[in-house]
Amino acid sequence: MRTRTSVKAAAVCAAGVVVLAGCGGGTGSEGGSAGVSVVTGVYPLEWLAGEVGGEHVDVANLTEPGAEPHDLELTPRQIGEVAAADVAFYVSGLQPAVDDAIAQEGDGNALDVADLVELRPADAGGDGHDHAEDEHADEPAEDEHAHDHAEDDHAHGEDEHAAAEEEHADEAAAEESGDGHDHGDTDPHMWLDTDRMAETAAGLAERLGEADPDNAEAYTANAERVADELAAIGTEYDEGLADCESRDMVVSHAAFGYLADAHDLNQIGVSGIDPEGEPSPARLAEVAALVEEHDITTIFTETLTSPDTAETIAAETGAETAVLDPLEGITDSSPGDDYPEVMRANLEALTTALRCS
């Protein structure tokens, strides 16, 4: 089988870059490459590529274990891997360095998850405001019969509204500032929705089959097996989260929107899509107030980012902390060794925190 890697390896090696398939004297099947070369930007896609590709693919993840993927900067070697790969498998908007490398060096090898599944808007949910707004909508107007009081209240309300708008603008700026990364208009954390992961597996199998027609049936069969495993995990979530005292989860950063949408939960993110975004004091106060108002007992931390902010809110409100892993990487601190194990560990953490029966 003559892969894309064999065609481009010589040019990349000439530039002094050692790539995934190696810089040997042979090419393709004669050079000893194990199969189709796939580079991925983040761990869940690495796991999926390994499961769908099986023994017929070589998978390299650009994010080192323990590194925060949003902050990824690529070395010349890694850019060479992107250029030489048969498939560059990524989620656009998650890692600007990967987006740039694929745009500049990919030469048609890109497989963007955003082209396989629909991504949710980045601003959908995640701020906890809908609780307060829904409750205020249900409150009766106390002074409807007193026009003079209503006018005063209206003027006061306009002042509060203007202040709130300014506060929310500050929060948005704080959430987006962090390290300067721009995640665009969509939320890239689609892997926390098992249905979208299954759709992605099917799209990946099709692309691998195009790169390696001899093993196309194997890729399709592997994708179907993975879809069955993902469906089983999704069913476990449906059943485990069906009857809970609370449906509010306070998380360090708003990575869990897909999971929340899929299982009727309300995500309250301390920070936005980017975990490095620094929440404003007003946002911290708002989250603390929601925790107390809605009897939230757990503030979730992550494995790849500092727990300090979550611990501060927990100490202020009397809540506990627990790990809810956004699966952006696997480390010794992860609550499992692979995607299925961490997803099931997350379910256990949720059922405990939300007091599910």
Side-chain angles (χ1 to χ4, degrees), residues 43-44 65-66 68-70 125-128 131 175 187 189 191-194 233-234 236-279 283-357:
Y43 167 73
E68 216 297 312
H70 298 76
D127 60 6
H131 281 292
E175 289 178 359
D187 179 351
H189 302 88
W191 55 83
L192 292 170
D193 178 354
T194 53
I233 295 173
E236 292 172 26
Y237 268 76
D238 289 338
E239 294 174 350
L241 299 172
D243 186 12
C244 306
E245 293 182 27
S246 174
R247 307 207 72 81
D248 300 318
M249 55 179 185
V250 178
V251 296
S252 295
H253 87 286
F256 298 89
Y258 290 97
L259 188 151
D261 288 351
H263 303 288
D264 192 28
L265 301 177
N266 178 54
Q267 172 184 237
I268 301 172
V270 179
S271 294
I273 296 294
D274 186 345
E276 298 303 318
E278 187 68 26
R283 179 58 178 167
L284 296 178
E286 182 181 21
V287 172
L290 286 168
V291 169
E292 294 178 336
E293 181 180 358
H294 296 284
D295 192 26
I296 296 171
T297 61
T298 303
I299 312 298
F300 286 114
T301 62
E302 302 176 10
T303 54
L304 297 181
T305 59
S306 171
D308 290 351
T309 300
E311 290 174 349
T312 297
I313 295 174
E316 180 179 338
T317 60
E320 300 177 347
T321 60
V323 172
L324 192 66
D325 196 326
L327 264 165
E328 294 178 340
I330 297 292
T331 70
D332 292 340
S333 300
S334 300
D337 293 332
D338 60 15
Y339 175 91
E341 286 189 9
V342 175
M343 285 293 286
R344 289 186 165 103
N346 281 347
L347 174 58
E348 183 176 352
L350 285 168
T351 55
T352 299
L354 303 183
R355 308 183 294 281
C356 305
S357 58

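Keep in mind that what you see is a predicted model, and the values were worked out from it rather than measured.
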Task: Interatomic spacing from OG1 in T298 to CE in M249 - rounded to 0.5 Å - done: 12.5 Å
Task: Sub-4.5 Å side-chain heavy-atom contact between V250 and V287 - done: yes
Open item on the list: Please give me the minimum heavy-atom distance between W191 and L327, naming the atom from each residue.
Closed with: NE1-O, 3.6 Å
Task: Non-hydrogen atoms of G329 and L304 that approach each other most closely - done: N-CD1, 3.9 Å
TODO: Please answer whether the main-chain N or O of E278 pairs with a side-chain N or O of R283 as donor and acceptor at a distance below 3.5 Å.
DONE: no
TODO: Give, for atom CD of E316 and atom CG of L284, the distance between the pair rounded to the nearest 0.5 Å.
DONE: 8.5 Å
Task: Distance in Å, T301 OG1 paired with H253 NE2, rounded so as to fall on 0.5 Å steps - done: 12.5 Å
Open item on the list: Could you check whether atom CD of E292 has more than 12 heavy atoms from other residues, nucleotides or ligands sitting under 6.0 Å from it?
Closed with: yes
Open item on the list: If I take atom CZ from residue F256 and atom CG from residue L324, how far apart are they, to the nearest 0.5 angstrom?
Closed with: 4.0 Å
Open item on the list: Does R344 form a salt bridge (charged side-chain N to carboxylate O under 4.0 Å, His left out) with E341? I'd like the steps, not just the answer.
Closed with: CA-CA 5 Å; R344 289 186 165 103; E341 286 189 9; over 6 Å; no
Task: Atom CG of D308 with >12 non-hydrogen neighbours under 6.0 angstrom - done: yes
- [ ] Examine distances only and state if a side-chain atom of R247 and a backbone atom of A260 form a donor-acceptor pair shorter than 3.5 Å.
- [x] no
TODO: State, with a plain yes or no, whether a side-chain heavy atom of M343 is found less than 4.5 Å away from one of D325.
DONE: no
Open item on the list: Given 3.5 Å as the limit, does a donor-acceptor pair link the side chain of E328 with the main chain of E68, or not?
Closed with: no
Open item on the list: For a quick test of reading the model, state the closest non-hydrogen atom pair linking S334 to T331 and the distance between them.
Closed with: OG-N, 2.8 Å
Open item on the list: On a heavy-atom basis, which atom in I299 and which in A319 lie closest, and how many Å separate them?
Closed with: CG1-CB, 3.9 Å
TODO: Any chance you could measure F300, atom CZ, to N346, atom CG, to the nearest 0.5 Å?
DONE: 8.5 Å
Open item on the list: Checking side-chain polar atoms at under 3.5 Å, does N266 have a donor or acceptor matched by the opposite partner on D248?
Closed with: yes
TODO: Spell out, as yes or no, whether a donor-acceptor pair under 3.5 Å connects the side chain of Y43 to the backbone of P69.
DONE: no
TODO: Specify the closest pair of heavy atoms between P279 and V270, including all atoms of both residues, with the distance to one decimal.
DONE: CB-O, 3.5 Å
- [ ] Working to the nearest 0.5 Å, report the span between CG of L241 and CD of E239.
- [x] 10.5 Å
- [ ] Check the pair Q267 / D261 against side-chain contact (heavy atoms from CB on, under 4.5 Å), numbers first and verdict last.
- [x] CA-CA 9 Å; Q267 172 184 237; D261 288 351; over 6 Å; no
Extract all donor-acceptor atom pairs below 3.5 Å that involve side chains of residues 350-357 and protein atoms in other chains or at least two apart in sequence.
unit_1: T351; atom_1: OG1; unit_2: L347; atom_2: O; d: 3.2
unit_1: T351; atom_1: OG1; unit_2: E348; atom_2: O; d: 3.0
unit_1: T352; atom_1: OG1; unit_2: E348; atom_2: O; d: 3.1
unit_1: R355; atom_1: NE; unit_2: E245; atom_2: OE1; d: 3.0
unit_1: R355; atom_1: NH1; unit_2: T297; atom_2: OG1; d: 3.3
unit_1: S357; atom_1: OG; unit_2: D243; atom_2: OD2; d: 3.1

Task: Side-chain heavy-atom pair D193, Y237 within 4.5 angstrom cut-off - done: no
TODO: Compare all side-chain heavy atoms of T303 with those of V323 and state whether any distance is below 4.5 angstrom.
DONE: yes
- [ ] Quick one: closest heavy-atom pair of G234 and H263, and the distance?
- [x] O-CE1, 3.8 Å
